[in-house]
Amino acid sequence: MNFLFNEEQTSLGETVGQVLADHAALTGPDPSRDSDGEVWAALAELGLFSLLVAEEHGGVGLGFVDLAPTVEALGAGLAPPLIASTLVATEAVNRLGDVEQRAQLLPDIAAGETAIAIASAELGRGNDPVFAECGLHDGRLTGRKIAVAGADVAQMLLVVTRTQSAPALALVPTDAPGVTVEPHADIDPSAGLCRVTFDNVAVASAQLLGEGSPGALDTLIDLGATAQSGMAMGIAEVMLKRSVAYACEREQFGKPIGSFQAIKHRCADLAVAVEAGKATSHYAFWACSEDAEDRASAASAAKAYCGEIACNACNDAIQIHGGMGFTWELGLHRFLRRAQVIEHAVGSRAWHYERVVAETLAAREVA
Amino acid sequence: MNFLFNEEQTSLGETVGQVLADHAALTGPDPSRDSDGEVWAALAELGLFSLLVAEEHGGVGLGFVDLAPTVEALGAGLAPPLIASTLVATEAVNRLGDVEQRAQLLPDIAAGETAIAIASAELGRGNDPVFAECGLHDGRLTGRKIAVAGADVAQMLLVVTRTQSAPALALVPTDAPGVTVEPHADIDPSAGLCRVTFDNVAVASAQLLGEGSPGALDTLIDLGATAQSGMAMGIAEVMLKRSVAYACEREQFGKPIGSFQAIKHRCADLAVAVEAGKATSHYAFWACSEDAEDRASAASAAKAYCGEIACNACNDAIQIHGGMGFTWELGLHRFLRRAQVIEHAVGSRAWHYERVVAETLAAREVA
Amino acid sequence: MDFTYTDEEHRFRLELREWLATALPEGWGETVFEPEDEEERYLFRRDWDKKLSSGRWAGINWPVEYGGRGATLVERGIFAEEMARAKAPESLNIIGHNLAGTTILHHGSQAQKDRFLPPIIANEEFWCQGFSEPNAGSDLASVRTKAVRKGDKYVVNGQKIWTSYAQYSQWCFALVRTDPDAPKHKGLSFLLIDMSSPGISIRPLRQISGESEFNETFFEDVEVPVENLVGQENDGWRIAMTTLAYERGPEDCLGRQVRFKQELEKLLEVCAVEPTANGVLADDPVVRQKLGRSIVEVEAMRLVALKSFSRILAGDERGPDASVIKLYWSHAAQRMNEAALDILGPAAVLSEGDDDAMAGGRFQTSFLQSKAFSIYSGSSEIQRNIIGERMLGLPR
Amino acid sequence: MDFTYTDEEHRFRLELREWLATALPEGWGETVFEPEDEEERYLFRRDWDKKLSSGRWAGINWPVEYGGRGATLVERGIFAEEMARAKAPESLNIIGHNLAGTTILHHGSQAQKDRFLPPIIANEEFWCQGFSEPNAGSDLASVRTKAVRKGDKYVVNGQKIWTSYAQYSQWCFALVRTDPDAPKHKGLSFLLIDMSSPGISIRPLRQISGESEFNETFFEDVEVPVENLVGQENDGWRIAMTTLAYERGPEDCLGRQVRFKQELEKLLEVCAVEPTANGVLADDPVVRQKLGRSIVEVEAMRLVALKSFSRILAGDERGPDASVIKLYWSHAAQRMNEAALDILGPAAVLSEGDDDAMAGGRFQTSFLQSKAFSIYSGSSEIQRNIIGERMLGLPR
């Protein structure tokens, strides 16, 4: 019985955090993607992308839960979301890929040479990340995805689509004929969100991930939701730390503002939310790793709850920082913006709470 | 342009408040109906039940909005809900009754001799106060209502029912053959909530209120929801006053607890909620009086919002009173209990927010 | 209780509405909008303020002798509503009219009135506010900017922050410390500072929404003639307190409410047409609960302001009511903006300039701007203190 | 990260589970429940506590030499979970075990250990807590109950409040003022007071749920032998602070979580079958949002407790973690209970004894009881102070 990370897991997260901290622009006031390439290279050199890959494919063979502190560090450091999506896609390939797919994809992924963007959201489907209009018929993919993080620099897209009979996951190179990638104008210009249009794109059967596996889409959703929850908690924790530091330092009425209960109690409530959110997210990582029975419920719980906590934490931090909080220069807006990207990635709050209930009721019927 | 009550309206409320205050048991820690009869008699003597009745029927002919401060006083004083329901039914008879019905009912009502309980809620319909299983077929009423306040002492029931084709409102004497009234075991034993069963009860056409008028049920809902919102705000205001008084008097750490921001700011937020809730409720009273275009939306807004505010106010008051707050003896639980009765009367929160949206969207289509 | 207007009030509204119809460019708010570039937008607003003056629609509450209309409170409410309804540009010279002008009217010398009031009401001179400082935010009485009297001049040194539009203003209405030895509320004074004086420098501060209407303003040995002192020396705190109550009154709230309601209408419009997997957004019961609550709260803003209005009309002092109103609208508007992004789902992240953005990305801009509501004009924490202490009588 | 149990821990769980199966009456929690009458319920629980002792399931964490099992932290967690899962009656003698016993173990003399520990672990002597006073609630250090030494006795005068089960207790574990002239944290001591001493009177205090486990207890010239002083005279505050951390630790939370989850399961059960106008309650998307959030929060209670557990196992001090846990579960449980009544609609008002009440009115009882969660065992305001100051390092 131990719900803590071991030293290796923790120090992995710290190392990634330090690499990100070396690129101060990542969390600076002006959103920019200028250092994205360097950051990717530095993390690749560190071996980040090889961690989840099995040894036989040139990797380290760690489990998904081993990366939980790392994913939090990616969130806290406002790393390009393409990094986490590549890790999620890696794990999806591990679990859903057939022998050829793994042999073909994993070595390049491990070497940091294949960045994979995940294309799920579409317009006109509410907040449902699952139901896709984007259709695959007679080996041709047609449709449009929005908010695909890093599609403009990724080598590969992992696309949620559907055939006549069932949902499907397709691996499509970004340079395939018929694929058009356009950057969005959006709330977080550092996230690299793109609109991706598929116009009659040829997709061979070998490009389908988990074909015939009824749980393939759920697997991707669970891994993706869990990773997003981790990044959300990274953000929430930074907001807590910055708020506390400011509350200790900033004086008004002759006292540090942290001595006023209005500020102190808000920080305390935020600390409690961070504790609860992290516990929920960590459990989801574990449940994914172990393919626990409650994996779907744990992942959706984490996504819904941690997304909410991160958004609230950004609001709290801005309020605690007072006038400085809403200045561009202080840069809290960067976290507020990224928290919104996370909130709406892989299904937003209401959809995941709904899924928790559906899973719980289904489990009751089985029991 | 004047959104205040005039002196007559205000003093009417104060007078009713004083009558209620004379019966300390009403708000004492032990829920009891022992003084209900005396309270009714005192208010009848004051002429309360004649206020809404036209002069030609022995009344004063005031409008519904004139009673807003009075209804708040009924809420604040934890008066038996039968009093407000009789006022609501009176106004419903004014608006929906035909010449004979008004001539027959209003003089007795004005004299305080006809107490009218409103039977709307049923089991198994979620929180919808409108859709009735309780059916009227071939002049016979059959079905079961719950949470009918004061049915055991009222002379008359105003029943939400439906015929094959439409909803209907039936006036049924409590002593009619086939009517069974049983007191509930419930959260607020002072509210006189009863289960009422109709077993093939004869209902003549002359007993139907607003027959053929498509808006009859909406009228009753709007009047009832508005009255409940007023009582809710009466409760919320008492909770604010008691909290502030206690926060000024109770000392801990050598200071009145109201000097701590945790308490001070909670009181301030409560004061803001009371201000917003009262404004919303008062507007609903006005909209009912004037049959304003937005009457339904105003009434539902008031019911949903004020119900929520009252429940929260009770929670706040208990928390501010600390250990004393959850003692029986202090009696805050009486307000907490009554607030729940109000919350679930005439449709609960979610139903009324839903109705606000339906009304607003419908109004947009017209515009 | 009576929500009708007198004939005279009605005429006032119609006159304004007619004037607005001709004063605003054709297609205003539909096809024609304010310039996006901040500098151009400023020039546009300056011209608009001058147009308001030319129509006698600036400073309407000022006495007729100073060029106003002596407008009643109700007329001021009507003015705020109509300006918002027409989506008219916001005035640049609010500080000139509501703070500097009002204070000079009540506390200024005759010479000050003659010198300063005409160009304010004509919108020929624009004003910025020099109150807050980096270390005097919520604790405004801690102002440190010093004004030392030397002969017939004050020499001013220090730094102000949140001086909106300082770069475009001719004058600054500044709270300065004239007696460093007195208790902190007792040594403050009001000075009218010519922004073209040597020694003033300005650094813009961007907001989290990307706009930069705010500034830091630095004063280095800036000379101000002693005749530009308003009221008595060291009596500035008392004057500030009476003046600030006007900044967040019910008139302000009524105008804002109309604009928030326009946002909400836009959101309803989007929800009514935007498809989902099984209908449109407005069919989703969870979306409807959020919409319902926002509809109720935006309406309550109006009602809360009208209550306060009515109390002032009935003779009540402008007191902590203003704090109640400000606290209410700021958080209700924040909740509405949070709800809007929640409701939009994945499209919530798309902003102005993206083809797929809903309603041109306006909800996102409003969301970002709304974060400042609970901070500026007195943070929510300060408003709660005021309500707790001055309205509820809780101990300090 | 590892949620598996060792074989030994697993055997511990099975042993307890088997014992519970035979110790609890047949049909327990299904057809057989605790007596409704409060006095009868007390007697029932006293017998249950004695049964626990007879099975060596009382004071499991105490050292073997004092009759305990020297249970590990994990075993204590398992114990709390299994007791809750079996819906076993709650122990009456919590104060005896967790406060008086633990304090005597750490700070008591050998004679005190010999005298008091055996009857506690045997549940032959029951204890109540004499900490709070009418004017010393959140501000516990303001305790005024005086103990004046006269020869070999202390003479105690004063009043305690929230002395749960005082009327049934043989002993009171009391914090008293022994030096009225010292600073308020410095003049406090712990006394073990025989509740049969002349001069003690008890007045029951009912809770808003109608139950009356709490009391006010009055001390009038009550004589206590000096050998019943625990620790040093005037060292009571330090002892109290170390002792109180045990009252709201993760073990407590784990047991509560299981019970809250049972409530939530019951709510899901009701929602799954209770008809509405178009289906059952669980089909309503708005109901589902509320259920979803409660499911997540109740699960998070368990996870938060397990985190704290793991940290203590890894050697961390029991610190403000306990406050985080207590603050979390108390408000999450309150939200769940609010949600339950919201969801039930008009039937929410029907209570135990009404034929139409859902699940026998249990949600209503829980709703009322839950209002005390954020107040007792240190109010939420106090927990937030502790978290802010001791965990986050914010200034006092």
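Order of the sequence lines sets the chain letters (A, B, ...), proteins ahead of strands, with each chain counted from 1. Everything numeric here is computed off the predicted structure, so don't read it as measured data.
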*So what's closer than 4.5 Å to chain D heavy atoms on B/Arg195: side chain, backbone, both or neither?*
side chain
_Is a donor from one side chain sitting under 3.5 angstrom from an acceptor on the other, for D/Asn215 and D/Gln167?_
yes
*Against chain D, label B/Ile146 side chain, backbone, both or neither, depending on which of its atoms sit under 4.5 Å from a heavy atom there.*
side chain
*With chain B, which of D/Gly345, D/Ala348, D/Gly361 has the greatest number of heavy-atom pairs at distances under 4.5 Å?*
D/Gly345
*Atom group of B/Glu182 that falls short of 4.5 Å from chain D, counting heavy atoms*: neither
*Between D/Ala141, D/Gly279, D/Ser132, D/Pro134, which has the largest tally of heavy atom pairs under 4.5 Å with chain B?*
D/Pro134
*Could you walk me through whether D/Glu133 and D/Arg144 pass the salt bridge (charged side-chain N to carboxylate O under 4.0 Å, His left out) check?*
CA-CA 8 Å; D/Glu133 298 181 5; D/Arg144 286 187 209 164; 5.8 Å; no
*Select one option (side chain, backbone, both, neither) describing which atoms of B/Ser348 are under 4.5 Å from chain D's heavy atoms.*
side chain
*Please check if any side-chain donor atom of D/Ser374 sits under 3.5 Å from a side-chain acceptor atom of D/Ser380, or the reverse.*
no
*Between D/Asp342, D/Leu281, D/Leu205, which residue shows the highest count of heavy-atom pairs closer than 4.5 Å to chain B?*
D/Asp342
*asked:* What part of B/Arg125 gets within 4.5 angstrom of chain D, counting heavy atoms only: side chain, backbone, both, or neither?
replied: both
*With no hydrogens and no angle check, do the side chains of D/Arg206 and D/Ser212 hold a donor and an acceptor under 3.5 Å apart?*
no
*Of the backbone (N, CA, C, O) and the side chain (C-beta and beyond), which part of D/Leu368 lies under 4.5 Å from a heavy atom of chain B, both, or neither?*
side chain
*Assess the pair D/Phe373 and D/Phe260: is the distance between their ring centroids shorter than 6.0 Å?*
yes
*Donor on one side chain, acceptor on other, B/Ser243 and B/His321, under 3.5 Å*: no
*For residues D/Phe131 and D/Trp162, establish whether the separation of their ring centroids is below 6.0 Å.*
no
*Which atoms of B/Leu336 come close to chain D, meaning under 4.5 Å heavy atom to heavy atom: side chain ones, backbone ones, both, or neither?*
side chain
*B/Arg338 portion near chain D, given a 4.5 angstrom heavy-atom threshold*: neither
